[in-house]
Amino acid sequence: MKQININNYKFLSSPPFGELEGTKTIDMSTKKVAGSEAVILSLLEEGVDTIFGYPGGAIMPVYDSLYDYGQKVKHVLTRHEQGAVHAAEGYAKVTGRAGVCFATSGPGATNLITGIADAMIDSIPLVCITGQVTSPLLGTDAFQESDVVGISMPVTKWNYQVTTPEEIPEAIAQAFYIAQSGRPGPVLLDITKDAQFGELDFEYKKCNKIRSYVPETPVDPFKVEEAAKLIDKSEKPMVLVGQGVIISNAEEEFKTFVEKAGLPVAWTLLGLSAFPTEHRLNVGMLGMHGNYGPNKLTNEADLIIAVGMRFDDRVTGKVSEYATNAKIIHIEIDPSEINKIVKADVPVLGDAKKVLSMLINNIKENYHESWLEEFRRCDVVEVEKVIEKDIQPTKEGLTMGEVVSMASEKSNHEAILVTDVGQQQMVASRYFKFKHSKSNVTSGGLGTMGYALPASMGAQLGAPDRTVVAVIGDGGFQMTIQELGTIWQNKLPVKIIILNNNFLGMVRQWQQLFFEKRYSFTELQNPDFITIAKGFGIDGHKVEKREGLEEGIQKMFAHEGPYLLEVVVEKEDNVFPMVPAGASVSDVILEP
């Protein structure tokens, strides 16, 4: 049975393929092709140049057709399907285009689910194509059969099961349109084996409209005017910049907007790199391990302007005590996010680039120097109590902060940062600096350990002329360690830094602070990472003392190919500031 699901959007009826609208870009109607070849031809029509995947029986016809198109599209054989989907995410994050991955039926398809869920919550466009058993065997518990459409329905923007070859071009056209339009997200097409073997007269029409699917609401000019009036009269405004600015390519409009109104800018984890780190209006990161100023002063602000962010619980802390003195302007493309967590006084629905362009023309020039000075006073406190201890420590052991800070400096703040999840993610987000957008690749909402190594592969392939630095904890690294083989086989010059404290660090920190140091099953007995890397043909070395750190980082960046630098850091090196779970953001603490 075919199933259709588009989360967060209302359909008046199931969108029939016959009502796709577009311009025909290829006509092969005089030549019959197999459904499997139609898959490849359709991807080429969408401009796909890289596919991540792992072959198997149910998708073998597609791989057989791919064999003839090796000069037109690059296929990256990962070592696990989860590696393929995370690599596709990394590719999508740095290019702004949909990442594509293949998997076979059954366990191959289910191994994609973690990455698909990650992409769904982080608004990453993916087109995932899975093979499926033949149509007559559907629902019979055939070998390597799983109901991947049913399984993936809650974590996809749209999914569909293709059972006839004629559906393939239209299904793929619709998949790309849905994945990349409006609020982006992952889609999944499950194609039965008989549909791959069957023949069709190939004709491709790119999709640019589907009946009842409205990915973007026209901007209401009256709401823009209402927002502008609030901005003009506010005395203590603060802008929260999220990933929506990056997705809509609105970085220049955003910069013009905040500079004209003199607005302090704080960023979410996924909004990192949307605004230059060194800009004078940048006041730091929001959230549980964000900077002291933007957290502490949230409840003193009289206006919060949220742009392309969803008020995640890690940003708001205790919602009933969040922004208690502020009016809220929420600029958001997805109507389901409006008033979901924080009630907006002025919701402005629409694409961030369009909304900001209109706001620029409606606001007055302004300055908020005395308000900005309050953030700078908070910075002085944070530098003394946290930052100096992190990046210029007096203790013997190395800290995560000094490693990340030096790596950023030695890359001239030009690199793409890919982080895993945990302490190293928070430290890297605080101390790695950015000059360019689309330079931060991380797992935000789902918090997926094992994300960084495969995502760094996709980032490197998506931005081959840029340096990619993957900062990973020793725990997360071992979850997808096999992807070293993919890096080696594809000669990807990823620079990998393992911050090794022999612990599941973030869990251990919570156990230390809130569970009386009862370190229950968080200590790791780690292997020799350098020897393992060399077994995969990847050079590297280990740094255990401060005097070897600078030389080690310089050696890593000077190396032409992939390189693994393991740095042994303090076992009880904690991440501060910290907003305790369930507390108000103004209750942020700077030390234990």
Side-chain angles (χ1 to χ4, degrees), residues 4 6 15-53 55 59 61-76 84-85 87-88 91-92 95-103 124-131 156-182 184-192 195-211 213 215 458 461-462:
I4 287 180
I6 294 187
F17 289 137
E19 298 198 30
L20 301 181
E21 296 182 9
T23 302
K24 186 169 72 172
T25 58
I26 186 170
D27 184 355
M28 295 180 62
S29 58
T30 58
K31 176 188 174 185
K32 284 190 176 293
V33 301
S36 58
E37 187 175 5
V39 170
I40 307 304
L41 291 172
S42 299
L43 295 177
L44 291 174
E45 281 297 310
E46 291 291 341
V48 173
D49 57 16
T50 307
I51 299 167
F52 304 91
I59 201 168
V62 169
Y63 271 91
D64 184 66
S65 292
L66 182 60
Y67 187 85
D68 296 323
Y69 290 88
Q71 298 300 314
K72 294 186 177 181
V73 60
K74 179 179 178 65
H75 180 274
V76 178
V85 68
Y91 178 92
T95 64
R97 304 192 304 271
V100 178
C101 61
F102 288 170
I124 299 173
L126 297 182
V127 173
C128 305
I129 296 176
T130 55
T156 49
K157 189 176 175 184
W158 179 69
N159 63 17
Y160 187 80
Q161 188 170 80
V162 176
T163 57
T164 63
E166 292 80 11
E167 294 175 289
I168 288 172
E170 293 177 312
I172 290 177
Q174 186 171 13
F176 276 89
Y177 175 61
I178 293 173
Q180 297 176 136
S181 60
V187 302
L188 182 141
L189 294 177
D190 190 45
I191 307 177
T192 61
Q196 297 172 52
F197 276 127
E199 291 189 333
L200 72 153
D201 293 323
F202 185 82
E203 180 181 348
Y204 198 77
K205 293 180 181 180
K206 283 196 174 184
C207 176
N208 54 41
K209 186 177 181 181
I210 302 172
R211 190 187 69 186
Y213 169 56
L461 284 159

Measuring from [X]:[atom1] to [Y]:[atom2], what's the distance to the nearest 0.5 Å?
{"X": "Leu44", "Y": "Tyr204", "atom1": "CG", "atom2": "OH", "result": "10.0 Å"}
{"X": "Gln161", "Y": "Thr130", "atom1": "CD", "atom2": "OG1", "result": "8.5 Å"}
{"X": "Ser65", "Y": "Leu41", "atom1": "OG", "atom2": "CG", "result": "8.5 Å"}

- Go through the steps to decide whether Thr156 and Val187 satisfy the test side chain to side chain contact (heavy atoms under 4.5 Å, CB included), and finish with yes or no. CA-CA 5 Å; Thr156 49; Val187 302; 5.8 Å; no
- Query: Between Tyr160 and Glu167, is a side chain to side chain contact (heavy atoms under 4.5 Å, CB included) present by the stated rule, with each step listed?
  - Reply: CA-CA 10 Å; Tyr160 187 80; Glu167 294 175 289; 2.6 Å; yes
- Item | Test side chain to side chain contact (heavy atoms under 4.5 Å, CB included) applied to Gln180 - qualifying residues, sequence neighbours left out |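 Once residues adjacent in sequence are excluded, the partners of Gln180 under the side chain to side chain contact (heavy atoms under 4.5 Å, CB included) criterion are Arg97, Ala98, Pro125, Phe176.
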- Among all residues two or more places apart in sequence or in another chain, which pass the side chain to side chain donor-acceptor pair (under 3.5 Å) test with Thr50?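 So Thr50 forms no side chain to side chain donor-acceptor pair (under 3.5 Å) with any residue.
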- Query: side chain to side chain contact (heavy atoms under 4.5 Å, CB included) between Lys32 and Asp201: does it pass, once the steps are laid out?
  - Reply: CA-CA 5 Å; Lys32 284 190 176 293; Asp201 293 323; 3.3 Å; yes
- Task: Go through the steps to decide whether Asp190 and Asn159 satisfy the test side chain to side chain contact (heavy atoms under 4.5 Å, CB included), and finish with yes or no.
- Result: CA-CA 8 Å; Asp190 190 45; Asn159 63 17; over 6 Å; no
- Can you check whether Pro169's main-chain N or O pairs, donor with acceptor, with Lys205's side chain at less than 3.5 Å?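 No, because the side chain of Lys205 does not come within donor-acceptor range (under 3.5 Å) of the backbone of Pro169.
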- Between Tyr63 and Phe102, how do the two ring planes meet: parallel, tilted or perpendicular, split at 30° and 60°?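 Because their plane-to-plane angle is over 60°, the rings of Tyr63 and Phe102 count as perpendicular.
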- Taking side chain as C-beta onward, heavy atoms only, is Leu43 less than 4.5 Å from Val73?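 No; the side chains remain at least 4.5 Å from each other.
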